[in-house]
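As the structure is a computational prediction, the values presented were derived from the model and not from experiment. Labels below follow one simple rule: chain letters A, B, ... track the order of the sequence lines, proteins then strands, and each chain is numbered from 1. What you see below is based on every heavy atom in this structure, not just the backbone, and it leaves out hydrogens, waters and symmetry mates.
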There are 2 protein chains.
Amino acid sequence: MKIDPDKKIDLSAQIANAIRDAIVSGDMIVDERLPSEAELSDQFQVSRPTVREALKRLAAQSLIRTQRGATGGAFVNRLRYEEAYGQQVTTSTLLLSMNEVSFDVACEARYALERACAPLSAERRSPDHLATMRAEIHRQAQPGLSDESFCASDVTFHRALVDGAGNPVLSYQLAGAVEAMQPLMNMITFTARSREAIVGLHTRIADALEAHDAGGADQALVELEAYTLTLGRDVMAARAKG
Amino acid sequence: MKIDPDKKIDLSAQIANAIRDAIVSGDMIVDERLPSEAELSDQFQVSRPTVREALKRLAAQSLIRTQRGATGGAFVNRLRYEEAYGQQVTTSTLLLSMNEVSFDVACEARYALERACAPLSAERRSPDHLATMRAEIHRQAQPGLSDESFCASDVTFHRALVDGAGNPVLSYQLAGAVEAMQPLMNMITFTARSREAIVGLHTRIADALEAHDAGGADQALVELEAYTLTLGRDVMAARAKG
DNA sequence: GCACTCAAAATGTCAGACAATTGCGGACGG
DNA sequence: CCGTCCGCAATTGTCTGACATTTTGAGTGC
């Protein structure tokens, strides 16, 4: 961890990569303190601003955290699920919006992943998860709800479904897929009739999970995917025409 | 986009967040040029090093790219799948290694997600995907292969399975789950007998996908998950004893 | 023994300068 | 008229040095 030739890429990027590799490979463990900025600049033979740019790169990825004061410094950060969620959602959202991912493709991915969770969720969902789903269903049935709020509630409902599987790795992976869909879903205008259909399917999902009925949940998800797809296609068709 | 009070968090973080929000919200579009560092420091009323730290944070997340020279500057970067893959894998790997995720939980998540891809892959896999799988199966049957190479080949095989679904969003989401498992898989010592069993299951998966047999692929994946689980548990038991 | 003060260490921020790179336009020659 | 070359200007990359701010801990006085 001392390589800094006259490569073409930034010194700060090289230093950040060197430290990142040390962290990922396990050479530096969680909560271990990095050398101070002055020591690093001495060690890498660069100036302090360059070291700082490297540290900011790492901080942006939540690989380190910094603390001021006498016993302060930069520390290897324990990457928590909540932080990782946020980055995942941001990245997934941008991927979808910048790469002209069609509604169909995104929808297919989302429901394929959710259906992977459904059997586990049917087995393990807690009363808490069921309560969250019931509450969101109730909210979605309110007449005055805006389209944005309806979508937000939809996301909460589906996240409860995913979390019900009791597998944090699955929850983490799914967070991106489900939440990144929200901007696409927000384009849909939910009529009273379509809301009724969705609430009905949500109810069937919650009922099936409560009854530990994996097959029923899967079937309802398949129908929900098909219905969501038609709603999305209607929007696209209307947009193409208008 | 001009908020900089005397908050407690770094100015560079605030500036980075402001610009990130502008990008995520769509206020800045792909390939749009940001103001120069001098202009930004003027606009935000901070010094140029502070602006640079903010830009490095964004660059670390692949949100912008920079270019030197007269017509250079910082540009909103089109986030590509390949870049996102890398970050996803790094993040997932660290999440697993830093949060004491058990082999069982990681394994369950991985196969749940792969099984979500299997039906789509059975429908759409190209000859290319099949050829990749066959090649990796052949490699895995070589006697002199190291455990690491066997694991790497395993990852390639499963990525071909996932890519066969023809859904880039799915591929992106799965990349993290599959590749982040590799360090855990590397702990396993693959005996000749266990390799034979795995190669057999891989062959069944490839055969099923070639025959467009979603059910067969799913069944083989279920068996592969169960078998991988026993291998992992043996390692854990041996480690606990020794 | 307790509270207060102050020094030291570290990060955060600033100002100014120079180096390196790159595109563009103008000058020059054919 | 056209092409080539040179140099300038704009921009990022890097360095130096300084000061501000925060935090801890040790010393000091009561």
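In this structure, CD of B:Gln45 is placed 14 Å from C1' of C:dA15, rounded to the nearest angstrom. In this structure, the CG atom of B:Asp42 is 16 Å from the C1' atom of D:dT11, given to the nearest Å. The nearest whole Å value for the distance from the CG atom in A:Leu11 to the P atom in D:dC15 is 6 Å. As rounded to whole Å, 7 Å separates atom C1' of D:dG13 from atom CZ of B:Arg48. Atom-to-atom, CZ of A:Phe75 to P of C:dA10 comes out at 10 Å; the value is rounded to the nearest Å. In this structure, CG of B:Leu40 is placed 17 Å from P of D:dA10, rounded to the nearest angstrom. If you measure from atom CZ of B:Phe44 to atom C1' of C:dC14, you get 17 Å, rounded to the nearest angstrom. Distance, B:Ile9 CD1 to C:dT11 P: 19 Å, rounded to whole Å.
With hydrogens and angles ignored, the 3.5 Å screen pairs a side-chain donor or acceptor of A:Gln45 with a backbone N or O of A:Asp42. The backbone N or O of B:Leu161 lies less than 3.5 Å from a partner atom in the side chain of B:Ser121, making a donor-acceptor pair. A:Arg124 contributes a side-chain N or O that, together with a main-chain N or O of A:Ala165, makes up a donor-acceptor pair within less than 3.5 Å. Checking side-chain atoms of B:Ser153 against main-chain N and O of B:Ser149 turns up no donor-acceptor pair under 3.5 Å. At least one donor-acceptor pair under 3.5 Å links the side chain of A:Thr93 to the backbone N or O of A:Val89. Judged by distance alone, the side chain of A:Arg80 and the main-chain N or O of B:Asn99 form no donor-acceptor pair under 3.5 Å.
Ion pairing between a basic and an acidic side chain is recognised when a charged N comes within 4.0 Å of a carboxylate O; A:Lys56 and A:Glu53 show no such pairing. Electrostatic pairing of A:Arg52 and B:Asp10 does not count as a salt bridge here, judged by no charged N lying under 4.0 Å from a carboxylate O. Remark: A:Asp31 engages A:Arg65 in a salt bridge, criterion side-chain N to carboxylate O under 4.0 Å.
The stretch residues 29-39 of chain B does not touch DNA chain C, since none of its heavy atoms comes less than 4.0 Å from the strand. Within residues 49-58 of chain A, the residues having any heavy atom under 4.0 Å from DNA chain C are, by residue number, A:Arg52, A:Lys56.
The side chain of A:Thr66 sits closest to C:dT11 out of D:dA9, C:dC14, C:dT11.
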Strand DNA chain C as a dot-bracket string - pairs counted if Watson-Crick or G-U with both distances under 3.5 Å, | where the partner lies in another strand:
||||||||||||||||||||||||||||||

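Considering only side-chain N and O atoms, B:Thr71 lies nowhere under 4.0 angstrom from the phosphate OP1 or OP2 of D:dT11.
Residue whose closest nucleotide on DNA chain D sits further toward the 5' end, between A:Ser47 and A:Gln67: A:Ser47.
The two residues A:Val101 and B:Val169 make their nearest non-hydrogen contact at CG1-CG2, 3.8 Å.
Using a 3.5 Å distance cut-off with no hydrogens or angles, the side chains of A:His129 and A:Thr132 do not pair a donor with an acceptor.
Ring geometry, A:His158 versus A:Tyr111: the interplanar angle exceeds 60°, so the pair is classed perpendicular (tilted spans 30 to 60°).
Checked by distance alone, B:Arg68 brings a side-chain donor or acceptor within 3.5 Å of a matching partner on the base of C:dA20.
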